[in-house]
Amino acid sequence: MQQKAEFEQRVQKALNNPQLRRNFRVAMDGLMEKRSNAFPDKEALEALRITGANIRANALVKQPELLEQLEANCTRNGIQVHWAETIEQANRIVLEIMERHQATGMIKGKSMVSEEMELNHFLEAQGNSCIESDLGEYIIQLDHETPSHIIAPAIHKSKQEIAQLFQEKHPDIPYSEDIETMTRSARKILRGKFFEADVGLSGVNFAVAETGTLCLVENEGNGRMCTTVPPVHIAVTGIEKVVEKLADVPPLLKLLTRSASGQHISTYFNMISSPRKPGERDGPTEVHLVLLDNQRSRIYADEELFDSLRCIRCGACMNHCPVYTRIGGHAYGSLIPGPIGSVIEPQKFGLENFGVLPTASTLCGACGEVCPVKIPLPKLLHRLRYEQVRNDHTGATIGQGSQRSTREALIWKLWSWAHANPAVYRGGTRLAGLLRGVVPNKIGPWTRVRTAPKIAPKSLHQLAREEGFENE
Amino acid sequence: MSLAKHYPDRPDKVYFFGTCLIDLLYPEAGLAGMQLIKREGVQVIFPQDQTCCGQPAWNSGYRDETRAVVLNQIRTFPQDYPIVVPSGSCAGMLRHHYPEVFKGRPEAGLVEDFSQRVFELTEFLVHVLKIELRDLGEPTKVALHTACSARREMGVADEHEALLRQLGNVQLVEQARKAECCGFGGTFAVKHPDISAAMVTDKAKAITDTGADQLVSGDCGCLMNITGHMQHQGIGPKGQHIASFLWERTHAAES
Ligand code: SF4
């Protein structure tokens, strides 16, 4: 139960930080409004979501063939494809590519899979340098933090906090709280880094099997710089990112940017289909694609949990989650926070480590309602609640049954017995009615912020009988 | 969601599933729901063997324990009458989750037949009984909190509002972020009391800020959470289940 205690500590810390609370509330309100404005026609939105869900579901069903096709087409285009079952293997592959080029400096575009691999940490331990070039990622790298949101990694910070951080790390730059000015400063610092780097790293939003194309969505142009300026480009991604054909991309892109930030399209959309060709004046001379499994095949094997792989990482589920809005991303303690994080992270890293996350939801359904690819998030959270207490050892998930306690299991057994036997149940409510005077008015944490509910003198069963409502 | 649903013609008889929370804490709300239906000339049957929909165990991951409780409810409502439930949350369990509880099991067909007969109270009043309400009460300002399950699972947020709008002397006011969860979430409030407290604090404030004289909700779980907090803080209006509210305002006391 250590994970629960640690989670609670992080939650406490977040809840008691008014600045953090304000930062998230304001940011999430803004993102929700932008999304809502980007989809003015609810029927059109619903139709688009169905299209998006079908495209992703189809890609998953055909995933084994599509991955082969992707590899063949990438190879034909001159992109070197590598397969990694584990994060250790993926890190090794990246390191070996760097070693082959005697490279020591990497510039990175935003990539959640590289975070999943803890690539920076790994490469730095080997004496290499990794610089994040996405503004948000750059900010949290300066402060030695992890992302608190999948598309807006520094969203937990206010502009004042960022200004102070900049001043601390770059005392030579004049202090400013103006976002434009700060962005310009960061751009100036980063500009040179693209030219110094030996290797550029990026993620992938959609890998198109039909053409062997890697699609990259971004807003700052840093992604394009990372993938074109350094002599070597390494793209890392999860195997579930493959889609069947080019025609699948526009609907997904439309859903992704609108759901994420309300943009009709991102400022940059890159389609990478090969290294520099003879006669071309720019672009990397080598392009590598690292395809990571890391438990995705296990998730794939379960017909219900499979749906979690449809995710296009837009972040809308966290923006709309009332729990995420209160506690922020770091409290989750997982790489991906919010509803989709609570679904994916326990499956990847075990219920014994992240089993508390699926319980940290009211199952209000706000996430499932906005997910652009219609992932039934509440249903999957629910399924994981079952996985963590079931004791029939089917092995569907890592850490299955690990959160089952004898005490809790016994309570539910008794509860079940009482509610499956009407006479017992009626006896219980009658007793409760009689004892209502002696029910304590403090009941655990409930009454810390609420009064205790009052048991009625007569139950509805009794009232219904007295008022002459028939029994059958 | 409510568009796609098929509603039956007005029946002669209905079953009423009161829910365990109402049974124990808010019986007057259950009774009001039954009286509203009865006043429309429909016979209301309240089977005495009903207990709880099973949701607490279901949402805690205890599926075998849930099944035993579900089977009791299925046995208790054997006839082909509609089953009316004064809670979006419990109606959602009966209608949408019962089939999941028995998915792939021999009882699945039986359970499906049961679930198809389940209606949340307000949708039943609006779409099946096509109720027309005459407001006898004093002018008042009311805030409505629609449970997430009523809104998203049962799709009856509009029906809640439509009923309140039928009342001539009731002014419906809207709180900020009205579709956001109040933080109850059943066992969530017990397992994660601090997050739940942060959520209910915000919800209570949003409601209080409207200056409403009264809070109305179709779900007693939310009501217990929100009014419990408001009472504790000594703020906000009093709360009532929508059935009690509708009944009180439209019922002429026989004198
Ligand atoms: S689960 Fe859905 S809403 Fe959440 S990040 Fe993935 S695609 Fe977006």
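Just so you know, these numbers come straight off a predicted model, no measurement behind them. Order of the sequence lines sets the chain letters (A, B, ...), proteins ahead of strands, with each chain counted from 1.
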Open item on the list: Less than 4.5 Å to any heavy atom of chain A: does that hold for the side chain of B:A189, its backbone, both, or neither?
Closed with: side chain
Open item on the list: Need one label for B:E180: side chain, backbone, both or neither, based on atoms under 4.5 Å from any heavy atom in chain A.
Closed with: side chain
- [ ] Answer yes or no: is there a side-chain heavy-atom contact under 4.5 Å between B:Y62 and A:R404?
- [x] yes
- [ ] Answer with side chain, backbone, both or neither: which region of B:R75 has an atom nearer than 4.5 Å to a non-hydrogen atom of chain A?
- [x] side chain
- [ ] Might you point out which heavy atoms bring A:R21 and B:A198 nearest each other, and give the distance in Å?
- [x] NH2-CB, 3.8 Å
Task: Verdict with reasoning, B:E100 to A:R383, per salt bridge (Lys or Arg N to Asp or Glu O under 4.0 Å) - done: CA-CA 11 Å; B:E100 289 172 31; A:R383 167 68 191 281; over 6 Å; no
TODO: In plain terms, say whether B:D64 and A:R390 are close enough for a salt bridge, that is, a side-chain N and a carboxylate O under 4.0 Å apart.
DONE: no
Task: Heavy-atom side-chain proximity of A:H419 to B:E65 below 4.5 angstrom - done: no
Task: Interchain contact, B:V70 with chain A, by part (heavy-atom threshold 4.5 Å) - done: neither
Open item on the list: Is there a side-chain contact (heavy atoms from CB on, under 4.5 Å) between B:S196 and A:R450? Walk through the geometry before answering.
Closed with: CA-CA 11 Å; B:S196 175; A:R450 307 173 189 86; 2.8 Å; yes
TODO: Could you walk me through whether B:Q79 and A:E472 pass side-chain contact (heavy atoms from CB on, under 4.5 Å), step by step?
DONE: CA-CA 9 Å; B:Q79 303 298 328; A:E472 52 185 4; over 6 Å; no
Open item on the list: Please classify the contact of B:T76 with chain A as side chain, backbone, both or neither, using a heavy-atom distance under 4.5 Å.
Closed with: neither
Task: Partner chain A: residue of B:P193, B:S149, B:S60 with the largest heavy-atom pair count (under 4.5 Å) - done: B:S60
- [ ] For A:H461 and B:Q50, indicate whether the former's side chain and the latter's backbone hold a donor-acceptor pair under 3.5 Å.
- [x] yes
Open item on the list: Out of B:G30, B:A57, B:A204, B:C52, return the one with the most heavy atom pairs under 4.5 angstrom to chain A.
Closed with: B:A57
Open item on the list: Please rank B:V190, B:I22, B:D194, B:N59 by heavy-atom pairs under 4.5 Å with chain A and give me the top one.
Closed with: B:N59
Open item on the list: Looking at chain A, which one of B:W58, B:Y26, B:Y15 has the largest number of heavy-atom pairs inside 4.5 Å, strictly under?
Closed with: B:W58
Open item on the list: Let's test your reading of the structure: which of A:K379, A:R436, A:E408 forms the most heavy-atom pairs below 4.5 Å with chain B?
Closed with: A:E408
TODO: Answer with side chain, backbone, both or neither: which region of B:K13 has an atom nearer than 4.5 Å to a non-hydrogen atom of chain A?
DONE: neither
Task: Interface moiety of B:P56 toward chain A, non-hydrogen atoms closer than 4.5 Å - done: both
Open item on the list: Under 4.5 Å from any heavy atom of chain A, what part of B:C182 do you find: side chain, backbone, both or neither?
Closed with: neither
Open item on the list: Looking at chain B, which one of A:Q462, A:K458, A:R426 has the largest number of heavy-atom pairs inside 4.5 Å, strictly under?
Closed with: A:R426
Task: Non-hydrogen side-chain atoms of B:K103 and A:E304 separated by less than 4.5 Å - done: no
TODO: Rounded to the nearest 0.5 Å, what's the gap from CZ on A:R465 to CD on B:Q48? Could you check?
DONE: 4.5 Å
Task: Heavy-atom side-chain contact between B:L25 and A:I455 under 4.5 Å - done: yes
